[in-house]
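Order of appearance sets the numbers: ligands from 1, and atoms from 1 within every ligand. The basis for the numbers below is simple: all heavy atoms, side chains too, and nothing from hydrogens, waters or symmetry mates. Residue indices begin at 1 and follow the sequence shown.
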Amino acid sequence: MKSKIFILIGPPGAGKGTQAKNIAVTKDFVLISTGDLLRENVEKKTELGQIAKSYMDKGEFVPIELVAKIIKTNIQQNLNKKGFLFDGFPRDLSQNVLLDEMLNEFNLEVDKVIYIDVKDEAILDRLTNRRVCPKCKKVYHMKYNKPKNDETCDDCGIPLITRDDDKPEVIKNRLATYHKVTHPLVEHFDKLGKVIRVNGEKSPKEVETEILSLI
Ligand code: AP5
């Protein structure tokens, strides 16, 4: 059976990572989150990670050849799986051309794009109060999605961390880049009738329920 391909798109802080993990588990999809995979390389101080870090810390795109390498490996390793959920890729129209080429190679195509819509005004609050478990990567928010014990992961029991790119000046840069080059992808997929729009300003559970009911 052909694997289904879903893409999550939305501004930084829209809740893509929060939703992606739950959707992938519930639907038994392979999750390919370029941000998480790049951060894993940064933590392990791989050659790729050391190059990627200098871009990520400024909120800039990591060179595409590095990202492409990670994605292709992940697709190849999971070809017999039910579906793939992409979070963070493609990020502009040229990355989408590359995705099409990769999918063609494996006789696959994009099924639907899940667009999580959140207004800019909510983003700064979401990202400056975000905390992440360095081990299991679970995402928390210190107001809306608090850990049970102050600043400690509910599952791993270890201290949560703040991402290096969650500084106000870097957030501004990431948001501007999103509007300039990533959002046009929503318009592109809209023309193909592939966009599922979700209001990302409801509670995480409501957003999850809505997405699951639509895919
Ligand atoms: P990436 O990790 O993909 O970052 P992003 O797209 O900026 O998105 P975020 O991870 O910041 O936000 P999110 O939407 O996942 O929100 P979250 O669920 O955490 O990429 C990081 C960097 O890697 C890039 O800047 C770039 O350098 C590089 N990179 C990645 N992909 C690349 C590519 N393809 N090409 C080149 N470079 C690439 O939620 C945010 C907060 O809000 C959390 O605290 C959460 O608890 C809270 N929250 C979530 N949902 C809700 C809700 N419904 N209500 C209230 N709070 C909520």
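- Using a non-hydrogen distance threshold of 4.0 Å, P11 registers as a contact of ligand 1.
- At least one N or O atom of R91 sits closer than 3.5 Å to an N or O atom of ligand 1.
- Checked against a 3.5 angstrom limit, the closest N/O atoms of V62 and ligand 1 fall inside it.
- Enclosure of atom NZ in K172 is not indicated, since only 12 or fewer non-hydrogen atoms of other residues, nucleotides or ligands lie within 6.0 angstrom.
- Looking at H141, R130, R131, K143, it is R130 that brings a heavy atom closest to atom 19 (O) of ligand 1.
- By the 3.5 Å distance cut-off applied to N or O atoms, D165 is not counted among the residues near ligand 1.
- Here the closest heavy-atom approach between residue K81 and residue S3 is recorded as O-OG, 2.6 Å.
- In the hydrophobic clustering, where aliphatic and aromatic side chains (Ile, Leu, Val, Met, Phe, Trp, Tyr) are joined below 4.5 Å either directly or transitively, L160 groups with Y140.
- Contacts with ligand 1 closer than 4.0 Å are made by heavy atoms of both the backbone and the side chain of T18.
- Looking at ligand 1, you'll find an N or O of G15 within less than 3.5 Å of one of its N or O atoms.
- Residue contacts with ligand 1 include R39, since one of its heavy atoms falls under 4.0 Å from the ligand.
- The shortest N or O to N or O distance between R174 and ligand 1 is under 3.5 Å.
- For the residues Q19, K53, K137, E60, the heavy atom positioned nearest atom 26 (C) of ligand 1 is part of E60.
- Some N or O of R163 is nearer than 3.5 Å to an N or O of ligand 1, by distance alone.
- Close N/O approach between N129 and ligand 1 is not found [any backbone or side-chain N/O within under 3.5 Å].
- Sparse packing is recorded around NZ of K69, with 12 or fewer heavy atoms of other residues, nucleotides or ligands lying under 6.0 Å away.
- Under a 4.0 Å N-O distance rule, the pair D111/K4 qualifies as a salt bridge.
- At a heavy-atom distance under 4.0 Å, only side-chain atoms of Y144, from C-beta outward, approach ligand 1.
- Within the structure, ligand 1 lacks E201 among the residues with a heavy atom less than 4.0 angstrom away.
- When the side chains of ILVMFWY residues are joined at heavy-atom separations under 4.5 Å, either directly or via intervening members, I196 and I7 end up in two distinct hydrophobic clusters.
- Ion pairing of E208 with K205 is present here, as a side-chain N (NZ or NE/NH1/NH2) and a carboxylate O approach within less than 4.0 Å.
- Residue contacts with ligand 1 leave out G10, since none of its heavy atoms falls under 4.0 Å from the ligand.
- Annotation: D36 places no N or O atom under 3.5 Å from an N or O atom of ligand 1; distance criterion only.
- Considering both main-chain and side-chain atoms, G13 comes within under 3.5 Å of ligand 1 through a nitrogen or oxygen pair.
- Proximity of K202 to ligand 1 is established by a heavy-atom distance of less than 4.0 Å.
- Counting non-hydrogen atoms of other residues, nucleotides and ligands closer than 6.0 Å to NZ of K167 gives a total above 12.
- Between Y140 and ligand 1, a contact under 3.5 Å exists for at least one N or O pair.
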